[in-house]
Amino acid sequence: MDGQTKRVVLIGFMGVGKTSVARHLSSMLGLEKADLDYYIEENEGRSIAEILNSEGEPRFRQIETANLKALLSSVPVPILSLGGGTWTMEENRQMIIDHGYTSVWLESTFEHCWLNIKFSRKARPLAKNKTRAIKLFEERQNLYCLAEWHFIIRPDFTSFDAARQMAEEIFS
Ligand code: S3P
């Protein structure tokens with residue numbers, strides 16, 4: 001770590017806007033960013049949905065952890081967005097902390113996330129129906145809660161608004 005640039009990892013449920021907020025933050029602050037899902041897809045040569053559908057969630061989690069390890073041990077970027085389940089694995093949380101990242105939970109209501117899931121082009125096999133998605137959302141709150149920062153995403157906020165507020169509060 002160079003001791004100067006803060007490292008921030010964005011966590012939170014599917015559809016809360018981690019990837020978009022990271023993209024805006026990166027361009028506002030002129031800092032490099034990475035998105036773990038994109039990184040996995042590039043490295044594995046298949047989409048996350050393909051991996052989940054063909055190999056199941058336990059194998060996907062192993063692939064996810066291996067890719068997180070590879071990503072962090074290359075040049076750790078200052079802004080990192082994760083998949084919604086990455087932070088739920090203890091090994092992943094520890095790796096992130098060991099690499100000097102400040103964790104920020106993008107917190108919102110289930111309905112807000114669900115609306116984004118429904119209208120997104122991204123396939124999310126773990127949120128195929130609302131009942132299953134609500135269950136996951138509820139199960140994960142206690143783990144997301146472990147993040148250092150809790151950043152409320154208001155439903156009337158665009159991802160640009162959220163990034164601007166985050167830039168002021170966390171990076172200033
Ligand atoms: C997942 C979230 C997805 C992706 C995968 C599993 C999860 O990322 O990693 O479908 O377990 O919550 P997003 O949070 O970007 O949708």
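No hydrogens, no waters, no symmetry mates; every other heavy atom, side chains included, goes into these values. Every number for a ligand or one of its atoms is a count from 1 in the order of the listing.
- Rounding to the nearest 0.5 Å places CG of Leu126 at 10.5 Å from CZ of Arg124.
- Residue Tyr39 is not grouped with residue Ile79 when hydrophobic side chains (ILVMFWY) are merged at heavy-atom distances under 4.5 angstrom, including chains of intermediate members.
- The salt bridge (charged side-chain N to carboxylate O under 4.0 Å, His left out) pairs that include a residue from residues 63-87 are Arg61-Glu64, Lys69-Glu91, where partners are two or more places apart or lie in different chains.
- At a 4.0 Å heavy-atom cut-off, the residues surrounding ligand 1 are Met14, Lys18, Asp37, Ile48, Leu52, Phe60, Arg61, Gly83, Gly84, Gly85, Lys122, Arg124, Leu126, Arg140, listed by chain and number.
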Exercise. Assess whether side-chain contact (heavy atoms from CB on, under 4.5 Å) is satisfied between Asp35 and Lys18, documenting all intermediate values.
Key: CA-CA 9 Å; Asp35 180 88; Lys18 301 176 292 292; 5.9 Å; no
Report the C-alpha distance between Leu82 and Leu68 in whole Å, list the side-chain angles of each, state the deciding distance to 0.1 Å, and finish with yes or no for side-chain contact (heavy atoms from CB on, under 4.5 Å). CA-CA 9 Å; Leu82 302 179; Leu68 178 64; 4.1 Å; yes
Test salt bridge (charged side-chain N to carboxylate O under 4.0 Å, His left out) on Arg154 and Glu107; report intermediate values, then the result.
CA-CA 9 Å; Arg154 290 180 12 203; Glu107 186 180 358; over 6 Å; no
